[in-house]
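Okay, structure first, notes after.
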Amino acid sequence: RRQRQMCIRDSGDVGGDQRSSADENAEEARQAEQDNALPRDGFYTDPADPGEPGTVVRSEPFEGWESLGEEPHTSRMVYRSLSAEGDPVVSSAALAVPEGDAPDEGWPVVAWAHGNSGVAPHCAPSLMKDLYYGDMIHEIVAQGYAVVATDYAGLGAGEGHEFYSVPAHGNLSLIHI
């Protein structure tokens, strides 16, 4: 398995003899991040009018997540949700559905809430070729589940990532189903 690495912006100020080692590590991390990055294009940045939480603003098939392979049907979406204070926000998400016909009752769904991938808009898991935890998502889909994986508002689409807000993350993880 590939080691997961949080999205970074800058190595910060490191002094003394540690600087060269820290600079080398930061440069390696930046290169790994760049190699894993997908573009944050208009799909994520185009404005979205306020609307009912849970409604999809836009969606499209997407095949850029290398860690999922070619087996599941994959797409990405921007959807409306709520902040911790109940204000309207938009978020992006990745979707993966098993191959084949859905059961009569539909695919069982897993709402995937990722760990910390960073706090900048380009740190969204759906903007990473490995989908940050794509190997785990692939395993869940292989077991016959559809997966909806939120980026959280402010990562990918939207503004103002509520980094430590459990209510906001709960809204973003449940409303998109």
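As the structure is a prediction and not an experimental result, all values here were calculated from the model.
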Pair Arg76, Asp41 - check salt bridge (Lys or Arg N to Asp or Glu O under 4.0 Å), show working. CA-CA 13 Å; Arg76 60 186 185 171; Asp41 56 16; 3.5 Å; yes
If you define the side chain from C-beta out and look only at heavy atoms, does anything of Ser92 sit under 4.5 Å from Ser126? yes
When you look at Ser117 and Leu155, which way does the side-chain contact (heavy atoms from CB on, under 4.5 Å) test go after all the steps? CA-CA 9 Å; Ser117 60; Leu155 296 182; 3.9 Å; yes
Any side-chain heavy-atom pair of Asp35 and Lys129 under 4.5 Å: no
Flag, side chain of Arg40 to backbone of Thr45, donor-acceptor distance under 3.5 Å: no
Please name the pair of heavy atoms, one in Ala153 and one in Val90, separated by the smallest distance, quoted to 0.1 Å. CB-O, 3.3 Å
Sequence neighbours left out, what passes ring-ring contact (aromatic ring centres under 6.0 Å, His included) with His138? Give chain and number order. none
Test log, rule side-chain contact (heavy atoms from CB on, under 4.5 Å), inputs Met128 and Ser67: CA-CA 10 Å; Met128 300 177 190; Ser67 59; over 6 Å; no
State whether the side chain of Thr74 and the backbone N or O of Phe62 hold a donor-acceptor pair below 3.5 Å, judged by distance alone. yes
Measure the acute angle between the ring planes of Tyr152 and His114, then classify it against the limits of 30° and 60° as parallel, tilted or perpendicular. tilted
For residues Trp112 and Tyr133, determine if any side-chain heavy atom of one lies less than 4.5 Å from a side-chain heavy atom of the other. yes
Between Leu82 and Val89, is there a side-chain heavy-atom distance shorter than 4.5 Å? no
Write down the atom of Trp65, the atom of Ser75, and the distance for their closest heavy-atom approach. CH2-O, 3.3 Å
Specify the closest pair of heavy atoms between Ser91 and Ala157, including all atoms of both residues, with the distance to one decimal. C-CB, 4.0 Å
Nearest heavy-atom pair of Asn116 and Gly118: which atoms, and what distance? OD1-N, 2.9 Å
Is it true that a side-chain atom of Arg80 and a backbone atom of Asp49 form a donor plus acceptor pair closer than 3.5 Å? yes
Tell me, do Pro72 and Val97 make a side-chain contact under 4.5 Å, heavy atoms counted? no
Flag if over 12 foreign heavy atoms under 6.0 Å of CD, Gln31: yes
Which atom of Met77 lies closest to which atom of Leu95, heavy atoms considered: CG-CD1, 3.8 Å
Would you mind checking if Arg30 and Glu27 are paired as a salt bridge, meaning a charged N to carboxylate O distance below 4.0 Å? yes
List the steps and the verdict of side-chain contact (heavy atoms from CB on, under 4.5 Å) for Leu131 and Leu68. CA-CA 8 Å; Leu131 203 53; Leu68 295 183; 3.8 Å; yes
Can you hop from Tyr145 to Trp107 via hydrophobic side chains spaced under 4.5 Å? no
Donor-acceptor under 3.5 Å (Asp151 side chain, Gly156 main chain): no
Using a 4.5 Å cut-off on heavy atoms from C-beta on, say whether the side chain of Phe43 contacts that of Val78. yes
Salt bridge (Lys or Arg N to Asp or Glu O under 4.0 Å) pairs, two or more places apart, involving residues 94-122: none
Assess whether side-chain hydrogen bond (donor to acceptor under 3.5 Å, both in side chains) is satisfied between Ser59 and Tyr79, documenting all intermediate values. CA-CA 9 Å; Ser59 67; Tyr79 65 98; over 6 Å; no
